Amino acid sequence: MVDAMGMRILIVEDDASLASAIARILRADGYEVDVKVSGDEALEAAGRRRSDLVLLDIGLPGMDGYEVLRRLRSAQDRTSVLMVTARDAVLERVHGLDLGADDYLAKPFAMAELSARVRALIRRAHAQASPRVIHGPLTFDKEARRAYLCGQPLELTAREWAVLQALLAKVEKMVSKESIIQAVAGWDDDLSPNAIEVYISRLRAKLDPAGIRIRTVRGFGYMLEAFKAYA
Ligand code: CA
């Protein structure tokens, strides 16, 4: 059972009364909800903050829902998308599914059906072996190769990514410098232990403000400490 608490849904709908009716239902179901009225606003919001599901109206003024979906997927954003279409034509639905939508709902729909579809999609997304590692305020999505800190995208170079991934695989366990070098290898053949220190210090600069600590294990390597919210 997936709890709705803490789950975020981005609603993209230009019809204000429909959007507020949908938002009311989903909030009553326990989700946190954001409403955007255009494709531009939706993409901006999606880039700033991760959602668990996007409820995407196809008929939007300006950039339509298909274009929003296409841009999300080409940016490697794999958030579940439930498209909402007034167009009942099979080809329209197929087009959306081809672009990477996870399911569709044709207008008009019953709120109970919307609620059930959303629940099913979120359950499905969580049932699939999640490539996402969550460590306190850090979300590390291996499949999408994206990391988020406190809900904000965290910029990491390829090497910082590899070092952090090696540490996250062994939280509260010592990770040798040698095994970190092996994890990073492929970008550079003669990577020195000193180089690893540089990546560690860059990672610390990014993660420390959020309370995530990488401890130095003298003469051996490093350890990502268990996250303590009130430490
Ligand atoms: Ca519309």
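When a ligand or atom number is given, it counts from 1 through the structure's own listing order. All values derive from a computational prediction rather than experimental measurement.
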Students should find that the hydrophobic cluster of Y148, defined by side-chain heavy atoms under 4.5 Å apart, otherwise consists of none

Sorted by chain and residue number, the side-chain contact (heavy atoms from CB on, under 4.5 Å) partners of A195 (sequence neighbours excluded) come out as L191, S192, Y199

State, without any angle test, whether T79 and D77 hold a side-chain donor-acceptor pair at a distance under 3.5 Å.
yes

From the list R117, R123, R124, salt bridge (Lys or Arg N to Asp or Glu O under 4.0 Å) with D103 holds only for R117

Inset, instruction - Name the orientation class of the two ring planes belonging to F140 and W161 (parallel below 30°, tilted from 30 to 60°, perpendicular beyond 60°). - result: parallel

Please tabulate, for side-chain N and O atoms in residues 47-54, each donor-acceptor pair with protein atoms closer than 3.5 Å (sequence neighbours left out).
from	atom 1	to	atom 2	distance (Å)
R48	NH1	E44	OE1	2.7
R48	NH1	E44	OE2	2.9
D52	OD2	R8	N	2.8

So, leaving waters aside, the tally of protein N/O/S atoms less than 3.0 Å from the Ca ion (ligand 1) stands at 3

